[in-house]
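Here's the structure, in structure tokens; my notes come after.
These numbers come from the heavy atoms of this one structure, side chains and all, not from hydrogens, waters or symmetry mates. Start at 1 with the first residue, then count along the sequence. All figures in this text were calculated on a predicted structure; none of them were measured in a lab.
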Amino acid sequence: MSIYTCPHCGEKGFTPITKALAGKMNSKGKPCKHCGTKCVNGKAATIFNAVYSVIVIVSIFVLYFTSQHYDFLAMREIPLMILLILSEFIVPAVANAFFFKMEESIRLDIS
């Protein structure tokens, strides 16, 4: 059930799970089932991941420094931080799976 096309050969070779695991521009990527070319999510996915990472880090610092002043927040500080850290991995993967287009990998690995 491949629904996403390879940017190199034009065949439908990626499922949402393989597209989510393909990574951003600095990763190795996932090979296409048909042509074998490694593909990654494009520049927009990389920018989204960077912006989301900054938002999560700022949220963690704000939560850490403000939770001391509020009793209801102090009791829930650790679970909220764990949820923020988990969302750092889950939200970009879901966004990569459904919203961004694929591009060929530009990373050159010596093998």
(message) Return the OH to CD1 distance between Tyr52 and Ile57, rounded to the nearest 0.5 Å.
(response) 11.5 Å
(message) Can you tell me how far apart NE2 (His8) and CE (Met102) are? Round to the nearest 0.5 Å.
(response) 13.0 Å
(request) Kindly compute the distance separating CE (Met81) from CZ (Phe61), expressed to the nearest 0.5 Å. (result) 9.0 Å
(request) Answer whether the closest heavy-atom distance between the side chains of Lys33 and Glu11 falls below 4.5 Å. (result) no
(request) Is it possible for you to say whether Leu83 and Val91 belong to one hydrophobic cluster, with membership spreading through side-chain heavy-atom contacts below 4.5 Å? (result) no
(request) Apply side chain to side chain contact (heavy atoms under 4.5 Å, CB included) to Ile17 and list each qualifying residue two or more places apart in sequence or on a separate chain. (result) Thr15, Leu21
(message) Counting C-beta onward and ignoring hydrogens, is there a side-chain heavy-atom pair between Phe48 and Lys24 closer than 4.5 Å?
(response) no
(request) Determine whether Asn96 and Asn49 make a side-chain contact, defined as any pair of heavy atoms from C-beta on separated by less than 4.5 Å. (result) no
(request) Indicate whether the side chain of Thr18 and that of Tyr4 have a donor and an acceptor atom separated by less than 3.5 Å. (result) no
(message) Assess, by modelled atom type and distance only, whether the side chains of Lys19 and Asn41 contain a donor and an acceptor separated by less than 3.5 Å.
(response) yes
(request) Could you tell me whether the side chain of Glu103 reaches within less than 4.5 Å of the side chain of Cys39, counting heavy atoms only? (result) no
(message) So which atom in Lys30 and which in Ala22 form the shortest heavy-atom distance, rounded to 0.1 Å?
(response) CG-CA, 3.6 Å
(request) May I ask you to decide if Met25's main-chain N or O and Ser105's side chain share a donor-acceptor pair within less than 3.5 Å? (result) no
(request) Verify, without hydrogens or angle tests, whether Thr5 (side chain) and Lys12 (backbone) share a donor-acceptor contact under 3.5 angstrom. (result) no
(request) Under the side chain to side chain donor-acceptor pair (under 3.5 Å) rule, collect the residues that match up with Ser59, sequence neighbours excluded. (result) none
(request) Considering only Ile, Leu, Val, Met, Phe, Trp and Tyr, and joining two whenever side-chain heavy atoms are under 4.5 Å apart, list the other residues clustered with Val62. (result) Val54, Val58
(request) Answer yes if the side chains of Thr37 and Glu104 hold a donor-acceptor pair under 3.5 Å, and no otherwise. (result) no
(message) Let me check something: do Leu86 and Ile55 share a hydrophobic cluster, defined by ILVMFWY side-chain heavy atoms less than 4.5 Å apart, either directly or through other members?
(response) no
(message) Between Val40 and Val94, is there shared hydrophobic-cluster membership here, with clusters defined by ILVMFWY side-chain heavy atoms closer than 4.5 Å?
(response) no
(request) Flag yes if Val51 and Phe100 sit in one hydrophobic cluster, no otherwise; membership is Ile, Leu, Val, Met, Phe, Trp, Tyr, and two members link when side-chain heavy atoms are under 4.5 Å apart. (result) no
(message) If you compare all heavy atoms of Val56 against all heavy atoms of Ser87, which two are closest, and at what distance to 0.1 Å?
(response) CG2-OG, 4.2 Å
(request) State, yes or no, whether a side-chain contact exists between Glu77 and Met75 at a heavy-atom distance under 4.5 Å. (result) no
(message) Just so I know, are the side chains of Leu73 and Leu80 near enough to count as touching, which here means a heavy-atom distance under 4.5 Å?
(response) yes
(request) With rounding to the nearest 0.5 Å, note down the distance linking CD1 in Ile60 to CZ in Phe65. (result) 12.0 Å
(request) Quick one: pull up NZ in Lys38 and SG in Cys6 and give me the separation to the nearest 0.5 Å. (result) 13.5 Å
(message) If I compare all heavy atoms of Ile3 with all of Pro16, which pair ends up nearest, and what's the gap?
(response) CD1-CG, 3.9 Å
